[in-house]
Colleague: 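Here it is: the structure, laid out below.
Naming convention: chains lettered A, B, ... in sequence-line order (proteins, then strands); numbering from 1 in each chain. Treat the numbers as computed from the prediction; the structure is a model and nothing was measured.
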Number of protein chains: 2
Amino acid sequence: MKRNITIKDVAHHSGFGIGTVSRAINSSEGVSQATREKILKSIETLGYKPDHIAQSMRSQKYKNVAFFADISNPVFAQIAKGAQLELEQLGYTLSLCNVGDKDVGDKILSFLEVRKFDGVILSTPREDDWKINKALSEIELPIVTINRDVPVLPPGITTDYYSSVKKAINYLLRLGHRGIVLIGGDKGIRPTREGIRAYHDAFSENNLIIDEELIKSGVFTSESGKEIFLDLCPYIKNKKITAILSLNNQMFYGILQGMKEKNLNYPEDVSLITFEDSELLQLLSPPVTVIRRPIQEMGTKIAKVLMKYIQEPELYGKLDPDTIPTEFIIRDSCKAI
Amino acid sequence: MKRNITIKDVAHHSGFGIGTVSRAINSSEGVSQATREKILKSIETLGYKPDHIAQSMRSQKYKNVAFFADISNPVFAQIAKGAQLELEQLGYTLSLCNVGDKDVGDKILSFLEVRKFDGVILSTPREDDWKINKALSEIELPIVTINRDVPVLPPGITTDYYSSVKKAINYLLRLGHRGIVLIGGDKGIRPTREGIRAYHDAFSENNLIIDEELIKSGVFTSESGKEIFLDLCPYIKNKKITAILSLNNQMFYGILQGMKEKNLNYPEDVSLITFEDSELLQLLSPPVTVIRRPIQEMGTKIAKVLMKYIQEPELYGKLDPDTIPTEFIIRDSCKAI
DNA sequence: ATGAAAGCGCTAACAA
DNA sequence: TTGTTAGCGCTTTCAT
């Protein structure tokens, strides 16, 4: 096994001490321009690469970020990609961790316990789970959340669900719909809460009374979406319900599955809008009216904010919350009544 | 900053030397059962967690695996998830790296240069690019490839494209199709090569002459798929071409886009089959006939093999190649002629 | 079976 | 500005 080139070799080759070489590497001050250049040249000719592990051990900086989310959801995969691309610029690495849906707090802690990170990117399944939150509050690292308002954490990066859901509801209202179902996830997470808030506001601003029964919450899976949809079918058939707005991409798949199963069509039998654009939704016939957001950019933004926290820890929790804008794109999945 | 519990504390608390403690932690031999238990108890009561960085520094083992692929493709995202879940079992971490499409070799090398890994999971964009392969051959780590036959690397995990593509072509042949287009990616990568081989074999086993012009290759993007499709349109209209088999999910999106744009329908105007199942393909009407493979399990398998190489380096390159089976699922996107 | 001690490659404190 | 040195927490010889 061929020995690696170490800082000692560079010191020897350049004729300076290892301290000076270290300073040159880390572009710390206290090195004359001339020396720095000579050392850099030595590094170049020797092909020296600092041992990242040894650096970490001494400096307690790891250039490593943990990503907690279910990457099999293309949305999180895109966010991960965006974040990785950004972190890479600064020499940081993104490490994946899939915490399922149970014992989330424990899993996160035990993941972090045996590994070293400088920061965390996180999408927690619930905001008000005290067990999870207790775990989160024990983490002594900057954490940037994805679309979650976790009481024990500073605000992270969020999507502007409110404006576009409101636009969408208003659009349906204008088309004459009144029996509008809102399908979201757990009511204790931001996307659902913001969606519901927008739903309420849209109705009341139009002086309409809300039927709370029309607000459905499940979990972010197609199975859950399908189940909710099937329960809705009788009301769709008797025209009590004429439109559905889904707040989640995966649930929307389930809705479409349910429609197919029940031989229902949109927009004839029910009008449809969903959150999160995709090639699928454009390819379906008719193409689906959606709320879109720039997902990969979200990842970039998340990484940027986290890096700021890592580099200036005193800023943690003091930065203004950042919200990603959304876009309401009308296609052909809604009809006027 | 509260000091961490170190191996010294455990040594002190248990009354043994740090060497013995270390041996107990690593379950190396040379520790009596009684001592081991006492030490384990001390570790428990103190809540000691070995410093993974210090361990790495001494042992040159990092419990870290690099994943090179474009995770914005849901297929790779799923593979990454499967691999992560498996690696996690053994305390290993999966770190992401997105190498785009140019300077791939350099990017991989520079990523690996400044970080420490025990192994690599890789999907290279080409198999015969000497620059990439030169880079790959310089990597002194076990590498498991995803569906690639890279000359300078041992075989990794592959999918059985051959059998199912053959089944698919035979199916189309039986339906009376002769103008069957095969759309794949770069001819220098395994999936395309295997697809073409199956295509050839299916035709010749049926004593049919192949029109090489019907084998189209592009890149794995929807844009490329669409472009190829649009070129095909005249022949579809004059019935020279009656069926298309796409070897890639992303390209298939492009084909569907093209169809939509040209107001063509399947299976009326052209029969369609694609590789890689998804909810989309089942929701489209009519649902699309596909070749399916268990993607997440692929990730698991990849991780397992890599772990074997990491734990027993002498096995590297000596294990039998592993091939993931595929399934041909007939739905309603092909009609008889 | 166990302890002592060297040293992995680096940073940071201290000296010069 | 530069060199020297301690020591980060651990594994691994080498003694005992």
Colleague: Does the side chain of B/Ser32 get closer than 4.0 angstrom to OP1 or OP2 of C/dA1 through an N or O atom?
Modeller: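 Negative; the distance criterion is not met.
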
Colleague: Would one find a side-chain N or O of B/Tyr48 under 4.0 angstrom from OP1 or OP2 of D/dC10?
Modeller: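 So the side chain of B/Tyr48 is within the cut-off, an N or O lying under 4.0 Å from OP1 or OP2 of D/dC10.
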
Colleague: To the nearest Å, how far apart are A/Ile25 CD1 and C/dA12 P?
Modeller: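 Atom-to-atom, A/Ile25 to C/dA12, this comes out as 12 Å.
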
Colleague: May I ask you to verify if any side-chain N or O of A/Asn26 is less than 4.0 angstrom from the OP1 or OP2 atom of C/dT11?
Modeller: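 Result: yes.
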
Colleague: How close or far is atom C1' of D/dT11 from atom CD1 of A/Ile53, stated in whole angstroms?
Modeller: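 One finds 15 Å between C1' of D/dT11 and CD1 of A/Ile53, rounded.
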
Colleague: Dump the intermediate steps for side-chain hydrogen bond (donor to acceptor under 3.5 Å, both in side chains) on B/Arg293 and B/Thr159, then the final yes or no.
Modeller: CA-CA 8 Å; B/Arg293 56 174 167 178; B/Thr159 302; 2.7 Å; yes

Colleague: So do the side chains of B/Thr145 and B/Glu127 get within less than 4.5 Å of each other, counting heavy atoms only?
Modeller: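 No, too far: nothing below the 4.5 Å cut-off.
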
Colleague: Find the distance B/Arg23:CZ to C/dA1:C1' and express it as a whole number of Å.
Modeller: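 From B/Arg23 CZ to C/dA1 C1': 8 Å.
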
Colleague: Taking for each residue the nucleotide of DNA chain D with the nearest heavy atom, is it A/Thr35 or B/Met57 whose nucleotide lies nearer the 5' end?
Modeller: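 Its nearest nucleotide being more 5', the pick is A/Thr35.
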
Colleague: When you measure from the side-chain N and O atoms of B/Gln55 to the phosphate of D/dT11, is any distance below 4.0 Å, counting only OP1 and OP2?
Modeller: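 True: B/Gln55 side-chain N/O within range (under 4.0 Å) of D/dT11 OP1/OP2.
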
Colleague: Using whole Å, report how far CZ of B/Phe16 lies from P of C/dA4.
Modeller: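 Taking CZ of B/Phe16 and P of C/dA4, I get 13 Å after rounding.
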
Colleague: Name the closest nucleotide to the A/Ile7 side chain, picking from C/dC10, D/dT13, D/dC10.
Modeller: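 Out of C/dC10, D/dT13, D/dC10, the nucleotide with an atom closest to A/Ile7's side chain is C/dC10.
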
Colleague: Answer yes or no for B/Arg115 and B/Phe117: cation-pi contact, defined as NZ/CZ to six-membered ring centre under 6.0 Å and angle to ring axis within 45°.
Modeller: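 No, B/Arg115 and B/Phe117 do not form such a contact.
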
Colleague: Less than 4.0 Å between a side-chain N and a carboxylate O, is that true for B/Asp118 and B/Lys61?
Modeller: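 Answer for the salt bridge query: no.
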
Colleague: Is the distance from OP1 or OP2 of D/dC8 to the nearest side-chain N or O of A/Ser59 less than 4.0 Å?
Modeller: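 Answer no for this pair, as no side-chain N or O of A/Ser59 is under 4.0 Å from OP1 or OP2.
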
Colleague: How long is the line joining CD1 of B/Ile39 and P of C/dA1, in whole Å?
Modeller: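 Taking CD1 of B/Ile39 and P of C/dA1, I get 13 Å after rounding.
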
Colleague: C/dT2, D/dG9, C/dC10: which one has an atom nearest the side-chain heavy atoms of A/Ala54?
Modeller: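 It is C/dC10.
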
Colleague: Does B/Ser22 have a side-chain nitrogen or oxygen under 4.0 Å from the phosphate oxygens OP1 or OP2 of D/dT11?
Modeller: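 For D/dT11, OP1/OP2 do have a side-chain N/O of B/Ser22 under 4.0 Å.
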
Colleague: Taking NZ from B/Lys116 and C1' from C/dC10, how many angstroms apart are they, rounded to a whole number?
Modeller: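 Computing the B/Lys116:NZ to C/dC10:C1' distance gives 12 Å.
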
Colleague: Calculate the interatomic distance between B/Asn4 atom CG and D/dC8 atom P; express it in whole Å.
Modeller: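 Spelled out: CG on B/Asn4 to P on D/dC8 is 12 Å.
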
Colleague: Could you check which of C/dG9, C/dG3, D/dT11 has an atom nearest any side-chain atom of B/Ile18?
Modeller: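 Ranking C/dG9, C/dG3, D/dT11 by closest atom to the B/Ile18 side chain puts D/dT11 first.
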
Colleague: Provide, to the nearest angstrom, the distance between the OH atom belonging to A/Tyr62 and the C1' atom belonging to D/dC8.
Modeller: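 Rounded to whole Å, this separation is 10 Å.
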
Colleague: Name the closest nucleotide to the A/Arg58 side chain, picking from C/dA12, D/dC10, D/dT12.
Modeller: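 The answer is C/dA12, which lies nearest to the side chain.
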
Colleague: Please tell me if the side chains of A/Val114 and B/Lys63 come closer than 4.5 Å, counting only heavy atoms from C-beta onward.
Modeller: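 Counting from C-beta outward, A/Val114 and B/Lys63 never come under 4.5 Å.
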
